[in-house]
Structures are given as structure tokens and as C-alpha cells.
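Working notes, structure below.
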Number of protein chains: 2
Amino acid sequence: MELGKTSYVILGMLRLGRSTGYEIKALVDVSTRFFWAASYGQIYPELKRLEDAGLIAGEDKAQGGRRRRAFTLTPLGEEALETWVASGGPLHTELRHEGMLRFFFADAASPEEQIGLLQTMRAEHERTRDEISAIRPGAEAARDEKGEQFPLMTAEFGIAYHDFIASWCSETERRLVNEAKRS
Amino acid sequence: MELGKTSYVILGMLRLGRSTGYEIKALVDVSTRFFWAASYGQIYPELKRLEDAGLIAGEDKAQGGRRRRAFTLTPLGEEALETWVASGGPLHTELRHEGMLRFFFADAASPEEQIGLLQTMRAEHERTRDEISAIRPGAEAARDEKGEQFPLMTAEFGIAYHDFIASWCSETERRLVNEAKRS
DNA sequence: GCTCACATGTAATCCGTTACATGATTCT
DNA sequence: AGAATCATGTAACGGATTACATGTGAGC
């Protein structure tokens with residue numbers, strides 16, 4: 001069976017103690033979402049595939065009338081995850097950034113519009129930075145209580161990353177304003 | 001007609017003086033590719049759609065037996081581009097970064113593997129930074145000769161962006177090495 | 001004669017999102 | 001009583017990549 005990146009998201013979240021599709025999705029939404037998103041439409045079918053392949057084991061844990069299927073990693077699944085994390089292979093990276101795309105074509109806009117675009121971009125990255133900042137304490141707690149260091153480091157990267165872009169926007173905005181004044 | 005982001009890529013590249021699908025793709029590959037990629041499979045069908053919608057005008061310019069269809073922006077297309085660049089709407093941003101995804105789960109790896117991952121990540125971002133650096137002179141020439149300022153600024157952002165991530169990798173690598181020594 | 005750049009296109013496929021459908025439990 | 005949260009899933013759709021198919025012209 002072919003494992004996509006989403007398969008490893010699921011494997012990894014199970015390793016971090018999550019059990020249901022719902023819990024996996026909830027953790028994705030406050031962690032990997034910022035560099036690797038996943039939706040129910042991927043998670044639930046993928047859980048089935050991984051179970052069929054023997055990488056995870058599912059167990060029905062209905063409570064009263066509420067359905068609940070809890071999964072755990074099998075030794076096979078654990079091995080697959082560890083192999084992938086450590087494999088030196090090329091790291092697929094992809095960015096789609098509409099702000100930069102507009103900026104690239106911004107010679108077609110007026111100075112005011114150019115500056116407005118930078119302000120919008122900055123605001124969005126600041127918002128995302130703050131969103132991750134709000135999540136950070138949870139990751140810190142996980143480190144202190146469970147020794148999970150990397151989720152916290154990843155959150156800190158995210159904060160620095162969005163802050164970097166926001167700062168670049170500020171700086172560039174300043175440059176454009178100065179140029180506009182001079183003319 | 002609904003315009004997707006790719007439509008604007010095409011409109012914008014025509015505005016920058018490109019005429020054929022081939023030329024558009026060539027410019028994309030040395031400019032927006034780093035934050036907004038596009039393939040022939042999108043470009044050629046989209047050129048047709050945009051022509052049908054009256055946003056661009058196509059003209060057959062076969063040279064000898066070699067087919068060539070040259071497009072130019074119509075006033076309608078120019079307006080659509082300018083409106084989009086300046087419209088204040090939300091800027092869709094999406095990142096898929098396998099390196100960070102692996103890093104997030106790197107508690108499952110040994111210290112040596114963790115450090116190896118960071119080195120791989122750093123190498124890839126340095127490579128991309130250098131790729132953009134190699135492209136930069138072309139963007140600079142376009143600014144000096146045609147007054148196109150924003151492609152150059154975008155390239156400079158790209159260099160700073162990948163350099164930032166590469167530096168973060170270096171720093172984090174250093175931290176992990178120190179921790180490994182202390183234990 | 002060969003290779004590379006120029007040039008256009010389509011079909012299959014993949015990956016992922018969105019919207020929908022359904023229902024139980026817990027909290028206010 | 002009503003809202004929010006827990007919980008599972010599918011179907012339609014959209015966006016984009018990959019591989020394939022085809023051929024010319026220019027330079028070595």
C-alpha cells in the first residue's frame with residue numbers, strides 16, 4: 001500500500017495519543033494545519049485504508065448511543081512512521097500565496113493600492129502568528145507533561161515564520177511610502 | 001465567467017509582455033513558481049477560456065511550419081487584472097511543508113535523525129534561495145529597462161524568506177546538538 | 001545528424017475541500 | 001430548551017500535476 005503524507009499525519013497523531021478521527025482532526029487544526037492541513041474527507045477514508053493495511057488497529061468504543069471508533073498504532077504502523085520521519089528523502093514543499101502573487105503584479109496598481117496590499121498581507125500574517133501564539137501554551141504543556149518537544153518547537157517556528165513575513169511587509173511598506181513621498 | 005488565481009497569472013504575464021502559452025510558462029518558472037506554480041495543463045485550456053470571455057485576444061502567428069498563437073490583453077482583461085490586484089479581499093495562503101511535518105513528529109526519531117532532518121531542510125531552503133538569487137539579475141534588468149519594480153522586490157522577498165528558514169534550521173540544529181551533548 | 005529550445009495541446013489521475021447527512025451527549 | 005461539542009461518514013466538485021502525443025527550427 002502506498003502511503004501519502006496524510007497517512008503519516010494520522011499515524012503521527014495516533015502516536016501522540018489521539019484515537020478517533022475526530023480527535024485527530026482537532027489536533028491537526030491546532031498544530032500541523034499551518035503547514036499541513038487535513039480534512040474529514042481525507043481522514044476517515046484513510047483510517048479505513050490504514051486499518052486494512054494493518055498499520056493501525058480499530059476498536060468500537062461506543063458510549064451509550066454515540067458511535068466511537070478508537071484506533072491505535074500497530075508495531076507495523078509505528079515502524080512506518082519512524083522510517084518516514086528519519087528517511088533522508090527529498091522534502092516536498094509547496095507554497096500558494098495569493099498576496100505575493102498580487103504583489104508580483106503590483107506594477108499595475110497605484111501606490112496607495114500597493115501599500116494597501118502590503119497592509120492586508122501584514123495583517124493576515126500577524127493574525128496567523130497570534131493564532132499560533134494562542135496555541136503555544138498547549139504545546140508547552142505537552143512538552144512538560146509528556147516530553148513532546150517537537151510540537152512546541154514547531155509552534156515556535158510558526159510564530160517566528162509569520163512574524164518574519166509580517167515584518168517584511170512593514171519594512172517594504174515603509175520603503176514604498178518613502179518613495180511615494182519623494183516623487 | 002469565474003476567474004481563478006491561475007487566470008490572473010496569465011493576465012499578469014501578458015501584461016508583462018509575454019504572448020504565448022510557452023512564454024507564460026517560462027516566466028512562471030523563473031518567478032511566481034516559488035509561491036504560485038502553474039503547468040501547461042492549466043495554462044493552455046485557460047488561455048482558451050479567457051479568449052472566449054473576451055479578456056484576451058489571440059492571433060495566429062505561425063512562423064513557417066511552427067505553430068504559434070500570440071495573445072494580448074484586451075481592455076476588459078486589463079481591467080480585470082487591475083481590479084484583482086487592488087481588491088482588498090482576503091488573501092488565500094496555503095503551505096505544504098513536508099519537512100516541518102516530519103519535524104513535528106520528530107519525537108519519534110533519534111537525536112541523530114532529528115539533526116539529519118534539519119540539515120536536509122536547511123539544504124533544500126538554501127538551494128531554493130540560491131535558485132532565486134540566480135534569477136534575481138533578470139528581475140533587476142526588467143526594473144532598470146522596463147520599470148517593473150515588483151518582480152524584483154518579490155525575488156528579494158523569496159531570497160530573504162528561504163534564507164530565514166535555512167537560518168532557523170541552523171539555529172535549531174545547534175540547539176539540538178548542544179542538548180545531545182549535555183545528556 | 002543530433003540535440004535543444006520553441007510550441008501546443010489532451011487525458012488520466014491525484015489530492016484535497018466543501019457541503020451534506022445524521023445523530024448523541026453535555027453544558028448553560 | 002437550545003447550543004455547543006462529540007462523532008462518523010459520503011458525494012460532488014475543483015484545482016492541479018503528470019504523462020503523453022506531436023512537430024518545427026536553430027545551432028553544433
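Chain A is the first sequence line, chain B the second, and so forth, proteins listed ahead of strands; every chain is numbered from 1.
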Modelled atom types, side-chain donor and acceptor of A/Glu79 and A/Trp84, under 3.5 Å: no

Rounded interatomic separation in angstrom, taking NE2 from A/His92 and P from C/dC14: 16 Å

Residue pairs involving residues 141-156 of chain B (criterion side-chain hydrogen bond (donor to acceptor under 3.5 Å, both in side chains); sequence neighbours excluded): B/Arg136-B/Glu156

Length of the line joining A/Ile10:CD1 and C/dC15:P, which is rounded to integer Å: 14 Å

Check: A/Glu124/B/Thr93 side-chain N/O donor and acceptor closer than 3.5 Å: no

Atom-to-atom span, NZ of A/Lys25 to P of C/dG16 - whole angstrom: 13 Å

Presence of A/Tyr22 side-chain N/O under 4.0 Å of D/dC6 phosphate oxygens OP1/OP2: yes

Note: B/Asp52-B/Lys48 ion pair, threshold 4.0 Å (strictly below): no

Side-chain donor-acceptor pair present, A/Tyr44, A/Tyr22, cut-off under 3.5 Å: no

B/Asp29 CG to C/dA5 P, straight-line distance once rounded to whole Å: 13 Å

Under 4.0 Å protein heavy-atom contacts per nucleotide of nucleotides 9-28 of chain D, with B for base, S for backbone only and - for none: BB-----SBB-----BB---

d(CD1, A/Ile43; P, D/dT8) in whole Å: 11 Å

Interatomic distance where CD belongs to B/Glu98 and P belongs to C/dG16 [whole Å]: 11 Å

A/Arg102 side chain to B/Ser87 side chain, donor-acceptor N/O pair below 3.5 angstrom: yes

